[in-house]
Trainee: 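The following block contains the structure, expressed as structure tokens.
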2 protein chains.
Amino acid sequence: MWALSTSGGDTAYHHGDLRRSLIAAARDLLRAGGVEAVTLREAARLAGVSHNAPYRHFASREALLAALATEGFRALRKALEEAGRRAEPPERLTALGRAYLRFADADRATFRLMFGGVVEDADHPDLAEASSATFGALRSVVTERESPAGAERDALRAWALVHGLAHLVADRQIDAARAEACLK
Amino acid sequence: MWALSTSGGDTAYHHGDLRRSLIAAARDLLRAGGVEAVTLREAARLAGVSHNAPYRHFASREALLAALATEGFRALRKALEEAGRRAEPPERLTALGRAYLRFADADRATFRLMFGGVVEDADHPDLAEASSATFGALRSVVTERESPAGAERDALRAWALVHGLAHLVADRQIDAARAEACLK
DNA sequence: ACCTGAACACCGTTCAAGT
DNA sequence: ACCTGAACACCGTTCAAGT
């Protein structure tokens, strides 16, 4: 009866897309109401399945949150890499900073989930990998022009400045334009 | 029968200390398990009252969280002011930065609650006031030595740097000593 | 004033069962 | 494999009632 539904719309999750549907639903909940609004039962409801079906794809609510954070780190990494490709060394660092700030501004809730401490990296290997790959992309650009003494400290300072600005933007304490003006 | 208990220990909350007991209990829960571990029912249990008694002092769970964040901002402000009093202008800014980082390191969970976006400043007047008073204390020191063009941007940069370092410390991505080394 | 117990609509998670 | 319904122990919040 629904053997044909693979190709058609509403019931696609019956054939392997439930994971994706749940992540999409959870992302909507996150953006609308923050971490505390993300519940397995509501995500299941939005995906049109029973409250129990999510456990076929996520071991726990935290695993679903970890998947959202993982996707966030991948998207941020992609944005950083694209910004890096579009600029040459003197301005490259600024371009990455701008991409970082735009990410935080465009998806505040995901940014907060990524850095809010609700999901522990250590408990979710995919998340740990995505997060360190993102920092690797950032670090390689931040250190590319320096090697003398103090380089490591300068790199950390640059990272902290951008990260702090991003948090202030995500918290709506300053706006994105003022933050970008600080990138020099 | 318990008319005398005002002066004595366990049942003091029956006479006006319940609010304080609940905050203390909530603080323990926050430090032990993060925001999501703070529940009204568990705080009530720790304080030795029925699950319903907290509503005499807090309109909602969020109001209890707001009280914790408010106390956090007051403690941070006090730490910043003391640091400022103990140092003179050239080093004063660094001293404040150090105090900020030590606060984030010593009470990561509270720092995250204060800046994690779970409680909205706008919904809690006391919190809004405590938070802006804290930023005022910071801002006055950050701008005291400069007035020429670019001063506002430099002040924001200094704030963002310290704030970013503090988040990285709270997230355990760098340790407090490395962060302090970045304050110059 | 401050506290209690029962009640309601939610959660996350587990289990036995259906296709 | 993937999904369902019932069940359990939790929540936040409200209400009627006790002292």
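Predicted model, so just to flag it, every value in this text is computed and none were measured. Reminder, nothing fancy here: chain letters follow the sequence lines and each chain counts from 1.
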Trainee: Using whole Å, report how far CG of B/L29 lies from P of D/dC10.
Mentor: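 Nearest whole value for this atom pair: 15 Å.
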Trainee: Do the side-chain N and O atoms of B/E62 and B/H124 include a donor-acceptor pair separated by under 3.5 angstrom?
Mentor: yes
Trainee: Reckon A/Y55 has a side-chain N or O less than 4.0 Å from the OP1 or OP2 of C/dT14?
Mentor: no
Trainee: Can you tell me the base-pairing partner of C/dA9? Count Watson-Crick or G-U wobble geometry only, both distances below 3.5 Å, and say none if there is no partner.
Mentor: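 Base partner found: none.
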Trainee: Calculate the interatomic distance between B/F58 atom CZ and D/dC11 atom P; express it in whole Å.
Mentor: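 Result: 18 Å.
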Trainee: Hey, which sits more toward the 5' end of DNA chain C by its nearest nucleotide, A/R56 or A/R45?
Mentor: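 Nearest nucleotide further toward 5': that of A/R45.
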Trainee: With no hydrogens and no angle check, do the side chains of B/T70 and B/D126 hold a donor and an acceptor under 3.5 Å apart?
Mentor: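 No pair is found: no donor N or O on one side chain lies under 3.5 Å from an acceptor on the other.
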Trainee: Let me know the distance between NE2 of B/H51 and C1' of D/dG12, rounded to the nearest Å.
Mentor: 9 Å
Trainee: For the pair B/F115 and B/F111, name the ring-plane relationship: parallel under 30°, tilted 30 to 60°, perpendicular over 60°.
Mentor: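 It falls in the tilted class, 30° to 60°.
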Trainee: Just N and O in the side chain of B/R41: are any of them under 4.0 Å from OP1 or OP2 of C/dC11?
Mentor: no
Trainee: How are the rings of B/W159 and B/H163 set to each other: parallel, tilted or perpendicular (split at 30° and 60°)?
Mentor: tilted
Trainee: Atom CD of A/E62 and atom C1' of C/dG12: how far apart are they, to the nearest Å?
Mentor: 12 Å
Trainee: Please give the nucleotide sitting opposite C/dT19 as a Watson-Crick or G-U wobble pair, both distances under 3.5 Å, or none.
Mentor: D/dA1
Trainee: Rounded to whole angstrom units, what separation is found between the CZ atom of A/R61 and the P atom of D/dC10?
Mentor: 18 Å
Trainee: Ignoring hydrogens and geometry beyond distance, is the side chain of B/N52 in donor-acceptor contact with the base of D/dT13 at under 3.5 Å?
Mentor: no
Trainee: To the nearest angstrom, how far is B/L40 atom CG from D/dC10 atom P?
Mentor: 17 Å
